[in-house]
Amino acid sequence: MQGQALPGFRDSYPEELAFRNSIFATWREVARRYGFQEYDGPPLEPLELYTEKSGEEIVQQLYAFEDKGGRKVALRPEMTPTLARMVGARAQALKKPIRWFSIPQLFRYERQQRGRLREHFQLNMDIIGEAGPLADAELIAATIDIMRAFGFGPTDVQARVSDRRVLRTLLLGSGLTEAQLPTAFEVIDKSERVPGEALAEILSKVGIGQREATIVFEVAKLRSIETVSAALAKVKGGDEAGESLRTVIAALGTMGLSEFVAVDLTIVRGLAYYTGIVFELFDRGKELRAICGGGRYDNLIREIAGVDLPCVGFGMGDVVLGELLAEQRKRVEASGQLDAFLVAVGGEDVAPVLQLAAGLRDRGIAVEYALRNQPIRKQLELAAARGASRAVIIGPDERKAKVAVVRDLKTGKQRKVALTKVRKGVFQ
RNA sequence: GUGGCUGUAGCUCAAUCGGUUAGAGCGCUGGACUGUGGCUCCAGAGGUUGCGGGUUCGAUUCCCGUCAGCCACCCCA
């Protein structure tokens with residue numbers, strides 16, 4: 001075997017591409033329902049676009065190199081900085097709130113494993129220019145509606161919602177210092193996967209004592225808006241900090257999506273630029289990685305483009321989603337697109353078939369025919385394998401009678417149809 | 001980037017203790033079937049056993065390296 005795609009990159013055979021396209025089609029359909037407009041940007045960007053604002057996490061795994069002009073460039077690992085630049089450049093002219101979506105191919109240089117390649121496609125939906133929590137709720141609702149459009153219900157997937165402001169306020173209120181916050185975030189993020197002892201050790205290393213550590217673990221266990229609110233009520237500025245989260249949860253409830261939504265403060269998200277609500281969507285079995293993740297990033301556009309615009313957005317990749325769809329056997333069949341397969345009985349029927357094919361194709365009808373002389377049975381076999389809905393058979397008898405035999409390949413029923421009708425694409 | 005496990009036909013897998021020409025099912029091609037597909041039967045094509053080296057009379061099998069995949073870290077789109 002020679003010649004393989006690079007590690008973490010995929011060759012997409014027709015069946016797989018049809019599957020991916022069906023995912024894209026659903027994404028676009030739901031985005032349309034929510035009033036979003038599609039945009040795109042370059043797959044290759046200046047390295048600085050990522051090194052400055054996205055945080056170390058992303059920079060470590062950039063696909064970066066120098067181009068022939070000596071410019072330091074990187075394949076885009078995420079779409080948000082590009083979006084921030086584009087919006088920033090026309091910030092004055094665009095009517096707010098801006099609702100844009102894109103389906104970029106993104107790249108990261110990291111060791112691949114299941115659900116995680118070096119390249120993937122990701123739906124990005126962002127609302128820009130609206131600081132109110134209904135924008136956050138709108139996007140969380142969109143992620144849920146996308147999953148519903150794929151046939152998933154509340155027993156299949158769940159959105160877990162948190163707010164960094166809530167986490168901050170609770171932790172600072174419990175006596176942690178600003179400097180200890182990143183470590184506390186890290187521990188909360190890992191609290192479901194890493195044993196408590198190891199976590200306690202991490203905390204003690206940055207000087208977080210027994211009492212504060214206990215509070216950190218308690219915060220990580222909060223799982224409802226009521227318990228979060230109760231905890232917030234005990235600290236300074238707590239009510240105010242929890243307002244967004246309360247509004248988001250209430251709005252999603254009003255939309256009838258409560259079953260899909262849970263408050264979960266262990267959702268932290270790695271990217272440095274998130275400032276408020278953050279959320280992720282998981283399969284209920286938690287077998288796979290997050291299906292989608294996003295949040296509010298109110299400062300990014302100012303930092304990149306110097307324009308003050310609050311934003312909230314999410315990304316949903318095609319890899320984990322695709323695995324979930326395949327696992328649930330909801331894979332869309334790659335059905336043949338052929339309207340008709342033309343069958344020439346003998347060699348002298350080939351010319352009429354070519355003529356008919358050309359005419360039908362001019363009318364936008366998808367047809368195929370055998371490219372060499374073959375027995376009828378072979379031709380019908382090919383027609384069936386192609387998923388053609390019908391075969392149009394032309395032989396000496398048919399030509400004499402100025403008809404064609406139209407055979408329904410699903411039922412096996414066939415009838416004679418006048419050639420004048422068949423030429424117009426009328427098969428019955 | 002670190003560690004563990006695994007690599008045999010397009011796919012799923014088999015091959016005794018290290019033994020001769022590496023097999024099967026599915027798929028693909030052709031035939032039985034000369035104007036009617038799906039079923040059945042027959043045949044064929046398809047392999048550097050991931051790659052390179054070592055041990056051995058002999059390696060798919062044992063050893064080393066390397067590459068790739070999976071898993072766990074790291075980290076998370």
Just how far, in rounded Å, is [atom2] of [N] from [atom1] of [X]?
| X | N | atom1 | atom2 | value |
| --- | --- | --- | --- | --- |
| A:Glu16 | B:C11 | CD | P | 12 Å |
| A:Asn373 | B:U36 | CG | C1' | 16 Å |
| A:Tyr63 | B:C76 | OH | P | 19 Å |
| A:Lys416 | B:U36 | NZ | C1' | 13 Å |
| A:Phe9 | B:C67 | CZ | P | 18 Å |
| A:Phe282 | B:C76 | CZ | P | 13 Å |
| A:Gln61 | B:C76 | CD | C1' | 7 Å |
| A:Met79 | B:C76 | CE | P | 21 Å |

Q: Kindly say if A:Lys378 contacts the phosphate of B:G30, meaning a side-chain N or O under 4.0 Å from OP1 or OP2.
A: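 Checking A:Lys378 against B:G30: at least one side-chain N or O falls below 4.0 Å of OP1 or OP2.
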Q. Any side-chain N or O of A:Lys190 under 4.0 Å from OP1/OP2 of B:C73?
A.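 Negative; the distance criterion is not met.
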Q | Pairwise distance CG(A:Leu49) to CD1(A:Ile304) - rounded to 0.5 angstrom | A |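 Those atoms lie 5.0 Å apart.
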In whole angstrom, give me the gap between the [atom1] atoms of [N] and [M].
| N | M | atom1 | answer |
| --- | --- | --- | --- |
| B:G46 | B:G25 | C1' | 15 Å |
| B:C70 | B:C11 | P | 15 Å |
| B:C63 | B:G18 | P | 11 Å |
| B:C62 | B:A24 | P | 24 Å |
| B:U12 | B:C28 | C1' | 16 Å |
| B:C5 | B:C64 | P | 11 Å |
| B:A9 | B:G50 | C1' | 14 Å |
| B:U61 | B:G23 | C1' | 16 Å |

Q: Nearest-nucleotide wise, let me know which of A:Gly395 and A:Glu186 is further upstream toward the 5' end of RNA chain B.
A: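 In this pair, the answer is A:Gly395.
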Q: Let me know, please, whether A:Gln113 or A:Arg118 comes out on the 5' side of the other along RNA chain B by nearest nucleotide.
A: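 The residue closer to the strand's 5' end, by nearest nucleotide, is A:Gln113.
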What's the closest nucleotide to the [X] side chain, out of [options]?
| X | options | result |
| --- | --- | --- |
| A:Arg111 | B:U29, B:G1, B:U36 | B:G1 |
| A:Pro396 | B:C70, B:G37, B:G35 | B:G35 |
| A:Pro7 | B:A68, B:C76, B:C73 | B:A68 |
| A:Gln374 | B:G1, B:G30, B:G35 | B:G30 |

Q. Side-chain donor or acceptor of A:Glu398 under 3.5 Å from a matching atom on the base of B:G35?
A.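 Side chain to base: pair found, below 3.5 Å.
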Q. With a 3.5 Å cut-off and just heavy-atom distances, do the side chain of A:Gln414 and the base of B:U36 make a donor-acceptor pair?
A.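 Yes, a donor-acceptor pair under 3.5 Å.
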Q) Can the ring centroids of A:Phe121 and A:Phe24 be said to lie less than 6.0 angstrom from one another? A)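 Close enough - the centres of the two rings lie under 6.0 Å apart.
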Q. Hey, does the side chain of A:Arg284 reach the backbone of A:Pro154 with a donor-acceptor pair shorter than 3.5 angstrom?
A.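 Yes.
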Quick one, [X] and [Y] - any side-chain contact, counting heavy atoms below 4.5 Å?
| X | Y | value |
| --- | --- | --- |
| A:Ile291 | A:Val157 | yes |
| A:Arg118 | A:Tyr109 | yes |
| A:Val422 | A:Val426 | no |
| A:Leu382 | A:Arg386 | yes |

Q. Taking protein heavy atoms under 4.0 Å as touching, what does nucleotides 38-45 of chain B look like 5' to 3' if B marks base contact, S marks sugar-phosphate-only contact and - marks none?
A. B-------
Report which part of the nucleic acid [X] touches: base, sugar-phosphate, or nothing (heavy-atom distance under 4.0 Å, all strands).
| X | answer |
| --- | --- |
| A:Gly8 | sugar-phosphate |
| A:Arg10 | nothing |
| A:Ile393 | base |
| A:Leu117 | base |

Q.
Both atom distances under 3.5 Å, Watson-Crick or G-U wobble: I'd like the secondary structure of RNA chain B as a dot-bracket string, with | for pairs made across strands.
A. (((((((..((((.....[...)))).(((((.......))))).....(((((..]....))))))))))))....
Q: Identify whether the distance between the nearest side-chain nitrogen and carboxylate oxygen of A:Lys410 and A:Asp408 falls below 4.0 Å.
A: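 A salt bridge is absent here (no side-chain N lies under 4.0 Å from a carboxylate O).
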For residues 128-147 of chain A, tabulate all N or O donor-acceptor pairs below 3.5 Å that involve a side-chain atom, not counting sequence neighbours.
from	atom 1	to	atom 2	distance (Å)
A:Glu130	OE2	A:Gly132	N	2.7
A:Asp136	OD1	A:Arg296	NE	3.2
A:Asp136	OD1	A:Arg296	NH2	2.8
A:Asp136	OD2	A:Arg296	NE	3.1
A:Glu138	OE2	A:Arg99	NH1	2.7
A:Glu138	OE2	A:Arg99	NH2	2.8
A:Thr143	OG1	A:Ile140	O	2.7
A:Asp145	OD1	A:Arg148	NH1	2.8
A:Asp145	OD2	A:Tyr34	OH	2.4

Q.
Let's go through A:Phe101 and A:Asp126 carefully: what are the C-alpha distance in whole Å and the side-chain angles of both, what is the deciding distance for side-chain contact (heavy atoms from CB on, under 4.5 Å) to 0.1 Å, and is it a yes or a no?
A. CA-CA 6 Å; A:Phe101 80 99; A:Asp126 294 88; over 6 Å; no
Q. So is A:Arg390 actually on top of A:Phe341's ring, under 6.0 Å and inside 45° of the axis?
A.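 No, A:Arg390 does not lie over the aromatic ring of A:Phe341.
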Q. Do the side-chain N and O atoms of A:Ser244 and A:Arg165 include a donor-acceptor pair separated by under 3.5 angstrom?
A.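 Yes, a side-chain donor-acceptor pair sits under 3.5 Å.
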